[in-house]
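Reading through the structure tokens given below for one structure.
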Amino acid sequence: MRRFFIRRTIQYARYLLIPIICACFFFGIMMARQAEQALHVQGENSLKAVYSQLDLVVNSVMQQQIRMANDTNMMLALKKILLNDNKTSYSDAIYIRGINTMLNSVVSAHSYLSSIYLYFDGYDSYFASELKTTRLEEADESWLSVYRSMPEGTDGISSLRTISAAGTVGDGEEEKVLSVFRRMLIQEGVVVMNLNLKRLQESLDSMSGDALEGLYLFDAAGNLLTADSKSQIGEGNLSRMQALLLENPDGIPDGNWMRIGSERYLVQVDYYETYQIYLVSLIPQSMWMKQLLPLFGMFALFFLLDCVIAVLISYFTTKRNFGQIEYTLALFEQAEQGIFPEQEEKQPEDEYGVIMNNILHMFLKTTYLDTQLAEKQYRHQVMELSTLQYQINPHFLFNTLQTVELEARKLAEDTSVISLILHDLSDLLKYALANPLELVTLKEELRYLKEYAEIQQYRLGNGFLIYYEVDEEWMEARMLRLLLQPLLENSILHGIRESSRKGYIKVRAYPRDGWMLFSVIDNGVGMTKEEIRELLERLEDENSQNIGLTNVNRRLILYYGEESRLKIQAKPGWGCCMTFRIPMEKMREE
């Protein structure tokens, strides 16, 4: 046994452990690539978030400027103020107040937007969101020199500046701002948006995807504009980053691992020409390794677990097989002696032997029971079909015999009517009492239905007319017998007979969408919704007194399925329509 155990262990190691090692290796490579891709996506999302915030501010301000430019009165009022024209009217003051409100609404909506300047070329003043009109000599003119130095053909630029909190020279505490310049779209001038660097840095902190990720803003000259407070790249490495930007006019190769200082970083760079700024995301390689360490630990655990499983499976398989061999040899010995018990006297110690033995006996018993059950179900179905087939309405036979008796009394010398009724009656009885499992053609079903209708017309004195609308191509199709007669009987006795007007009945049989549809329609007294509901409940009750319709409904369900059950539509005073359907394939097969 030991030799087989060792051999099987080596075999399982070959077929189980080697593929698992390969799977772990390739899965590790795949997870490493996924982790790197996740870092790529994280950096891209961070840069998109920063750009979206900057673009949102600029677009909001430019939209307000376009609204002002499209309003002639508002622009005239603004230019009067900038020209220090003392002839401004009350309406001009209202327009100026509106301009100030529009600008301040954008400033209030964005926490890091400090102020907005509106300047028209050739004027000595500009309009500021917090100070309204300000003369150039009274304010910090560094923004004006940046604007005048903008190259022709550029729509925007950004610049790092230091201004006073109040916006004028020497007035208030100084703050560092990132000024974004955009040329006006309609007028000749510029819109200046001053972004507070401290609050912008707080915004960058919330946008960075991880504590180790660093976000940086550089201008076109490679100067650092701002960075998030979590950045740990260091001053020396920052200089290396600036040098890389200057050495590569088209930008640092995006999405590559680069060594900056003593560590490698995943560099994501976006350059926005509109503002002439670089957005840079630096993710250290340690963050990538941090994501992979749990995976390596998990792989090592699975590898060890697989080794243990391989040894255990080899041991139990070997033991089980030898036990089964012993049990088989014992059976052979008993067979040679002419002994073949249904169940062994002593249960095998091996679980596999016990399970297989029980499964074998259980299978034989289950097969026998299933066969007996299927035979009983078939007999029950045949018996139920036969019972339903032989349930004939005694009231119909009684009333028919009464009609025959009355006709005999009235026509003592002429028995043609009596002979006709008796002939139809005998045909119907013969038709009804035939083998319930023997199918009939639609043509036969309609012939006996017409004989039944003739008998009822004699009883009711031709109180109704009946029409037949049947697809001739399906006359030879086969179906259960006596499916239409109970429906016609219900229309005559409960619909037409109780109505005071001339009765009309239509019998239809036509194909549609893979089904053969049958319907009996009358213009009798009809039924209310409550009466229809009660009738449908009686149809589902096997002990219902409404034998005819219950009989039809049960036979339809038993033979053709649930979708062939009876359906009823009626309206008081308008009549009733009873329908059922049979699969066309079922009729063709029969």
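We count residues from 1, following the sequence as given.
- Between the side chain of Arg508 and the backbone N or O of Ile521, no donor-acceptor pair lies under 3.5 Å.
- Judged purely by atom type and a 3.5 angstrom limit, Ser499 has no side-chain atom pairing as donor or acceptor with the backbone of Gly495.
- Once rounded to the nearest 0.5 Å, the distance linking CD of Glu530 with CZ of Arg533 reads 4.0 Å.
- Enclosure of atom CD in Gln457 by more than 12 non-hydrogen atoms of other residues, nucleotides or ligands within 6.0 angstrom is indicated.
- The main-chain N or O of Leu439 is found under 3.5 Å from a side-chain atom of Arg478 such that the two form a donor-acceptor pair.
- Residue Arg67 qualifies as open at atom CZ: its count of foreign heavy atoms under 6.0 Å is 12 or below.
- Side-chain contact between Leu54 and Val57 is absent, with no heavy-atom pair separated by less than 4.5 Å.
- Met475 places none of its side-chain heavy atoms less than 4.5 Å from the side chain of Thr441.
- Considering CZ of Arg512 and CG of Asp471, their distance stands at 12.0 Å, rounded to 0.5 Å.
- Taken from CD1 in Ile492 to CG in Leu488, the straight-line distance is 4.0 Å, to the nearest 0.5 Å.
- Ionic pairing of Lys450 and Glu454 is not present here: no N-O contact between side-chain nitrogen and carboxylate oxygen is shorter than 4.0 angstrom.
- Scanning all heavy atoms of the two residues, the minimum distance from Asn523 to Lys502 falls at ND2-O, 3.1 Å.
- A 4.5 Å side-chain heavy-atom check between Glu451 and Arg447 finds at least one atom pair inside the cut-off.
- Taking the side chain as every heavy atom from C-beta outward, Leu480 and Tyr560 approach each other to under 4.5 Å.
- Between the CD atom of Glu489 and the CD atom of Gln485 there is a distance of 5.0 Å, given to the nearest 0.5 Å.
- The two atoms that bring Thr528 and Pro572 nearest to each other are CG2-CG, 3.6 Å, heavy atoms only.
- Across all their heavy atoms, Leu556 and Ser564 have their closest contact at CD1-O, 3.3 Å.
- Remark: Phe580 CZ to Leu483 CG distance equals 4.5 Å, nearest 0.5 Å.
- Closest non-hydrogen pair, Met527 versus Ile568, comes out as CE-CG2, 3.6 Å.
- For the pair Glu445 (side chain) and Leu482 (backbone), a donor-acceptor distance under 3.5 Å is present.
- Across all their heavy atoms, Val525 and His494 have their closest contact at CG2-O, 3.4 Å.
- Nearest approach of Leu566 to Asn553, heavy atoms of both residues: N-OD1, 2.9 Å.
- Between the side chains of Tyr452 and Gln456, at least one donor N or O sits under 3.5 Å from an acceptor N or O.
- Within the 4.5 Å cutoff, the side chain of Tyr448 has no heavy atoms near those of the Arg481 side chain.
- Separation of atoms NE2 (His110) and OG (Ser105) is listed at 8.5 Å; rounding is to 0.5 Å.
- Here the side chains of Val520 and Asn490 are not in contact, with every heavy-atom distance at 4.5 Å or above.
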Inset, instruction - Show your reasoning for whether side chain to side chain contact (heavy atoms under 4.5 Å, CB included) applies to Leu487 and Phe518. - result: CA-CA 10 Å; Leu487 276 63; Phe518 298 87; over 6 Å; no
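- Other residues, nucleotides and ligands contribute at most 12 non-hydrogen atoms within 6.0 Å of the CD atom of Glu473.
- Pairs engaging residues 564-575 under the salt bridge (Lys or Arg N to Asp or Glu O under 4.0 Å) rule: Glu540-Arg565, Glu562-Arg565 [sequence neighbours left out].
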